[in-house]
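What follows is a short report on a single structure.
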Amino acid sequence: MEATVTVTPDQLPELLLHVAVVRPVFLWGAPGIGKSSLVRSFAESLGLECVTLLGTQLAPEDLIGVPQIVGDRSRFAPPEFIARPTPYCLFLDELNAAAPEVQKSFYSLILDRRIGSYELPAGSVVIGAGNRATDNALARPMASALVNRMVHLHLRADVDNWLKWAAHNDIHPWVVRYVTQRPDHLWSAAPKSEAPFSTPRGWHMLSDALHSCGDDLDDTLLDVLAAGTLTPAHASAFRAFVKTIRHAYDLDAVIKGEVGWPHDPGDRDLLYFLSETFRARLIKELPGSRKHVSGGVHRFVLRAKTMLVELAEISVECAQLVIASDADGSPVLPSWFLVEVTRDLPRLAARR
């Protein structure tokens, strides 16, 4: 199911508070963006135990239960993890990854809050969650009858929400500082092959590993940890970022002229990282129109063009990276700035 309207993690609890208490909800979202933890936190906020069922690990009989004889009749006895005497939150994780027969067995439980003769206690909530087919994750089509039994919410990763959460959850300072500088690296789409990719969960795992190893971990171990949790390009950039911390080498120092661009061939990864960070700074600081350039911005523009000249003397490729268009061929820097670069740095313009 494709998203038309999305919600952030900060918006979700209030929505669930008003909707999940009266109707079952299905939460869509990419892998690793926190769907499960948000549902558990919501249940905790209501004082409800969260009972999680994984759709991929269930068979229909796991829900229906086993038959028993009561008097001269038989009836199915639902399992104790469902048939509870007090209200609770029933979390159907990976529901759309379950086999069609399992999905069907949830129909009455989701819509009528009943399975066999057992009815969910008043005050219980039912929430499902799953990945989208476009995420290259295990996802089966849901029958229209099941889709129509739930309110559908689409969760998106939000860097401001995540950084706010990270500040109160002991996320490693290196991770927080990096994501603050490169918010576009918090999440990346799942690859078509089996490989790590960046998600809030991946950054959390990297943070835990960094805490466990300590800040004096060597470069080889850092390479292993980053490569094992992040998209390859993000892992490379993170390793270069850590190098800037360890050597007190950051973009602000280059902008102020306190240090120059790194020249050593062994610091090529650092040069690429600083170039990408410089590009991000230009995107953030430069106004769309030349007439909105203030005195302070004008000084920054002059310094930026000088930095591009200095960078091109070391690596034309890195200088070109700073002013390159996006994947669709559209400029990301203001046209007036690109015109000045074309005029002052023709060898870069020729390779754009």
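Note that the structure is a prediction, hence the values are computed from the model and not measured. Position 1 is the first residue of the sequence; numbering continues from there.
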If you define the side chain from C-beta out and look only at heavy atoms, does anything of Thr229 sit under 4.5 Å from Phe238? no
What's the separation between atom CD1 in Ile115 and atom CG in Leu90, rounded to the nearest 0.5 Å? 9.5 Å
CZ/Phe337 to CD1/Ile323 distance, rounded to the nearest 0.5 angstrom? 8.0 Å
Side-chain contact, heavy-atom cut-off 4.5 Å: Met142 with Arg149? no
Which heavy atom in Asp93 sits nearest to a heavy atom in Ser36, and how many Å separate them? OD2-OG, 3.1 Å
Sidechain-backbone polar pair: His172 side chain, Asp170 backbone, donor-acceptor under 3.5 Å: no
Met307 and Leu251: side chain to side chain contact (heavy atoms under 4.5 Å, CB included), yes or no, with the steps? CA-CA 11 Å; Met307 290 171 62; Leu251 180 65; 4.1 Å; yes
Looking at every heavy atom in both Leu270 and Ala240, which two are closest together, and how far apart are they? CD1-O, 3.7 Å
Following the transitive rule for hydrophobic clusters with a side-chain heavy-atom cut-off under 4.5 Å over Ile, Leu, Val, Met, Phe, Trp and Tyr, establish whether Leu146 and Ile82 coincide in one cluster. yes
Would a 4.5 Å heavy-atom cut-off, applied to side chains only, mark Ser330 and Ser325 as touching? no
With a 6.0 Å cut-off (strictly less than), is the heavy-atom count around CD of Glu119, excluding the residue itself, greater than 12? yes
Could you see if Ile171 belongs to whatever hydrophobic cluster contains Val242? Use Ile, Leu, Val, Met, Phe, Trp, Tyr and a side-chain cutoff under 4.5 Å. yes
Rounded distance (nearest 0.5 Å) linking atom CG of Leu12 with atom NZ of Lys35: 11.5 Å
Hey, does the side chain of Glu49 reach the backbone of Tyr88 with a donor-acceptor pair shorter than 3.5 angstrom? no
Is it true that a side-chain atom of Asp326 and a backbone atom of Val332 form a donor plus acceptor pair closer than 3.5 Å? no
For the student: nearest non-hydrogen atoms of Asn131 and Gly29, plus distance: OD1-O, 3.1 Å
Run the side chain to side chain contact (heavy atoms under 4.5 Å, CB included) test against Ala233 and tell me which residues pass, sequence neighbours left out. none
Look up atom CG in Leu53 and atom CD in Glu94, then write down how far apart they are to the nearest 0.5 Å. 11.5 Å
Hey, quick one: are Tyr107 and Val25 part of the same hydrophobic cluster, counting side-chain heavy atoms closer than 4.5 Å, chains of contacts allowed? no
Closest non-hydrogen atoms of Thr199 and Pro31, given as atom of the first, atom of the second and distance, are CG2-O, 3.4 Å
Between CG of Leu155 and OG1 of Thr6, what distance do you get to the nearest 0.5 Å? 8.5 Å
Identify whether the distance between the nearest side-chain nitrogen and carboxylate oxygen of Asp252 and Arg281 falls below 4.0 Å. yes
Testing Asp219, Asp215, Asp267 one by one against Arg246 for a salt bridge (Lys or Arg N to Asp or Glu O under 4.0 Å), which residue passes? Asp219
Could you give me the CA-CA distance, side-chain angles and deciding distance for Val309 and Glu313, then say whether side chain to side chain contact (heavy atoms under 4.5 Å, CB included) is met? CA-CA 6 Å; Val309 172; Glu313 291 175 352; 4.0 Å; yes
Would you confirm whether Ser212, through its side chain, and Asp208, through its main-chain N or O, come within 3.5 Å as a donor-acceptor pair? no
Donor-acceptor pair, side chain of Thr52 and main chain of Phe91, under 3.5 angstrom: no
Got a salt bridge between Asp269 and Lys243, using NZ or NE/NH1/NH2 to carboxylate O under 4.0 Å? yes
Flag yes if Leu286 and Leu302 sit in one hydrophobic cluster, no otherwise; membership is Ile, Leu, Val, Met, Phe, Trp, Tyr, and two members link when side-chain heavy atoms are under 4.5 Å apart. no
With a 4.5 Å limit on heavy-atom distance, are the side chains of Leu109 and Leu120 in contact? yes
If you draw a 6.0 Å radius around NE2 in His298, do more than 12 non-hydrogen atoms from other residues or ligands fall strictly inside? no
Without swapping roles, check the side chain of Arg303 against the backbone of Ile255 for a donor-acceptor pair under 3.5 Å. yes
Would you say that Pro183 contacts Trp162 through its side chain, given a criterion of any heavy-atom pair below 4.5 Å between the two side chains? no
A side-chain contact here means heavy atoms from C-beta on lying under 4.5 Å apart; do His234 and Phe197 qualify? no
Can you confirm if the NZ or CZ of Arg177 lies within 45° of the ring axis of Phe241 and under 6.0 Å from the centre of its six-membered ring? no
Looking at Leu206, Val179, Leu210, which one forms a side-chain contact (heavy atoms from CB on, under 4.5 Å) with Trp174? Leu210
Any idea which heavy atoms bring Pro331 and Leu338 closest together, and the distance? CB-CD1, 3.7 Å
Looking at His185, is its backbone amide N or carbonyl O close enough to the side chain of Trp203 to form a donor-acceptor pair, meaning the two atoms are under 3.5 Å apart? yes
Give the minimum heavy-atom separation between Ile314 and Arg268, together with the two atoms involved. O-NH2, 4.4 Å
Okay, side chain of Ser236, backbone of Pro232: is any donor-acceptor separation there less than 3.5 Å? no
Can you tell me if Ser188 uses its side chain to pair, donor with acceptor, with the backbone of Ser198 under 3.5 Å? yes
Please report the C-alpha distance between Arg201 and Ile33 in whole Å, then the side-chain angles of each, then the deciding distance to 0.1 Å, and finally whether the side chain to side chain contact (heavy atoms under 4.5 Å, CB included) criterion is met. CA-CA 6 Å; Arg201 180 166 57 204; Ile33 64 173; over 6 Å; no
For the atom pair CZ (Arg239) and CG (Asp223), what is the distance rounded to the nearest 0.5 Å? 4.5 Å
Ring-plane angle category for Phe26 and His152, please: parallel below 30°, perpendicular beyond 60°, tilted otherwise. tilted
Is there side-chain contact between Thr86 and Pro121, with at least one heavy-atom pair below 4.5 Å? no
My understanding is that only one of Leu111, Leu95, Val126, Ile127 makes a side-chain contact (heavy atoms from CB on, under 4.5 Å) with Met150; could you say which? Leu95
Under a 4.5 Å cut-off applied to non-hydrogen side-chain atoms, are Leu186 and Pro200 in contact? yes
Find out if a path of hydrophobic residues (ILVMFWY) with successive side-chain heavy-atom gaps under 4.5 Å connects Val39 to Phe81. no
Measure the acute angle between the ring planes of Tyr178 and Phe273, then classify it against the limits of 30° and 60° as parallel, tilted or perpendicular. parallel
For Val322, does its backbone N or O pair with a side-chain atom of Arg279 as donor and acceptor, under 3.5 Å? yes
Sequence neighbours excluded - side chain to side chain donor-acceptor pair (under 3.5 Å) pairs with any residue from residues 282-296: Arg290-Glu340
Given Glu310 and Val254, is the side chain to side chain contact (heavy atoms under 4.5 Å, CB included) satisfied, shown in steps? CA-CA 11 Å; Glu310 295 169 346; Val254 181; 5.6 Å; no
